[in-house]
Asker: 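Provided herewith is a single structure, encoded as structure tokens, for subsequent inquiry.
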Amino acid sequence: LTTAIFQKMQQRQYPQSRADVKQIFVDNGVPADKFDGVVDSFAATSMVSLFDRNTQNYNIRGVPAFLVNGKYMIKPGSIRSQEQFNQLVAFLLNKKD
């Protein structure tokens with residue numbers, strides 16, 4: 001499925017609805033009823049609810065967004081290297097407020 005979804009994105013064939021997403025899964029061998037069962041499951045709906053709540057609580061407006069310890073948001077545009085990012089995350093993880 002990862003390859004199929006990647007190819008759709010590269011061809012700018014973005015899914016516009018749940019039905020579009022479902023069709024990608026069905027086209028790649030996932031039975032429609034299995035897709036519906038997983039997407040409508042308590043676990044999946046709970047994860048979506050948590051994602052939505054966190055997006056609002058942490059004021060996330062775009063991706064990538066990196067939140068450290070639930071209180072520090074790193075702005076990727078200000079980072080110049082992977083090493084600088086790693087050092088900043090380590091510093092924030094160890095910070096005692």
Side-chain angles (χ1 to χ4, degrees):
L1 281 169
T2 301
T3 302
I5 293 169
F6 179 79
Q7 288 174 346
K8 292 275 186 195
M9 297 299 113
Q10 294 303 304
Q11 296 165 359
R12 300 192 190 280
Q13 297 175 357
Y14 309 117
Q16 301 295 312
S17 66
R18 175 182 167 147
D20 292 347
V21 174
K22 182 178 180 176
Q23 192 59 54
I24 295 170
F25 279 72
V26 170
D27 290 347
N28 286 277
V30 176
D33 59 334
K34 179 93 168 173
F35 174 88
D36 289 331
V38 171
V39 170
D40 294 331
S41 71
F42 177 76
T45 56
S46 294
M47 284 189 280
V48 170
S49 178
L50 178 62
F51 173 83
D52 289 343
R53 191 169 48 253
N54 285 339
T55 299
Q56 183 176 17
N57 289 344
Y58 295 120
N59 197 31
I60 295 173
R61 297 289 174 241
V63 291
F66 299 97
L67 191 67
V68 180
N69 279 348
K71 55 183 156 181
Y72 305 108
M73 187 174 302
I74 298 174
K75 296 183 179 181
S78 65
I79 305 297
R80 289 187 164 66
S81 69
Q82 183 67 47
E83 181 60 30
Q84 185 181 31
F85 176 82
N86 295 346
Q87 289 173 354
L88 179 57
V89 169
F91 171 78
L92 294 173
L93 285 171
N94 294 310
K95 188 172 179 169
K96 307 284 188 236
D97 289 330

Asker: Report the distance from atom CG of N59 to atom CG of N54, rounding to the nearest 0.5 Å.
Answerer: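 If I round to the nearest 0.5 Å, the distance is 12.5 Å.
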
Asker: How close do L92 and V68 get, counting heavy atoms only, and between which atoms?
Answerer: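 Here L92 and V68 meet closest at CB-CG1, 3.7 Å.
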
Asker: Enter the distance from L1:CG to K8:NZ here, rounded to the nearest 0.5 Å.
Answerer: 12.0 Å

Asker: May I ask you to decide if V38's main-chain N or O and S41's side chain share a donor-acceptor pair within less than 3.5 Å?
Answerer: yes

Asker: How many angstroms lie between CD in Q10 and OG1 in T3, if you round to the nearest 0.5 Å?
Answerer: 11.5 Å

Asker: Going by heavy atoms in the side chains, are V21 and R18 under 4.5 Å from each other?
Answerer: no

Asker: Under the rule for side chain to side chain donor-acceptor pair (under 3.5 Å), what residues qualify as partners of R80, not counting sequence neighbours?
Answerer: none

Asker: Report yes if the side chains of Q13 and D20 come closer than 4.5 Å at any heavy-atom pair, otherwise no.
Answerer: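 No, too far: nothing below the 4.5 Å cut-off.
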
Asker: For atom CD of Q56, is the number of surrounding heavy atoms from other residues, nucleotides or ligands below 6.0 Å larger than 12?
Answerer: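 Not buried by this count: 12 neighbours or fewer within 6.0 Å.
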
Asker: Would you kindly confirm whether L67 and L93 end up in one hydrophobic cluster when ILVMFWY residues are joined by side chain heavy atoms under 4.5 Å apart?
Answerer: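 Looking at the clustering, L93 is in a separate group from L67.
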
Asker: Decide whether Y72 and I79 are clustered together by the hydrophobic rule: side chain heavy atoms of Ile, Leu, Val, Met, Phe, Trp, Tyr closer than 4.5 Å, transitively.
Answerer: yes

Asker: Assigning hydrophobic clusters by single linkage (Ile, Leu, Val, Met, Phe, Trp, Tyr; side-chain heavy-atom cutoff under 4.5 Å), is V39 placed with F51?
Answerer: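 Looking at the clustering, F51 is in a separate group from V39.
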
Asker: Please report, to 0.1 Å, the donor-acceptor pairs under 3.5 Å made by any side chain of residues 23-35, with sequence neighbours excluded.
Answerer:
| unit_1 | atom_1 | unit_2 | atom_2 | d |
| --- | --- | --- | --- | --- |
| Q23 | NE2 | D27 | OD1 | 2.6 |
| N28 | ND2 | I24 | O | 2.8 |

Asker: Mark yes or no for whether S49, through its side chain, and T45, through its backbone, hold a donor-acceptor pair below 3.5 Å.
Answerer: no

Asker: Before you tell me yes or no, could you show the steps for M9 and Y14 under side-chain contact (heavy atoms from CB on, under 4.5 Å), namely the whole-Å CA-CA distance, both residues' side-chain angles and the distance that decides it to 0.1 Å?
Answerer: CA-CA 6 Å; M9 297 299 113; Y14 309 117; 3.5 Å; yes

Asker: What's the shortest heavy-atom distance between Y58 and M73, and which atoms?
Answerer: O-CE, 3.1 Å

Asker: Transitively linked via ILVMFWY side-chain contacts under 4.5 Å: M47 with F42?
Answerer: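 Each belongs to a different hydrophobic cluster.
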
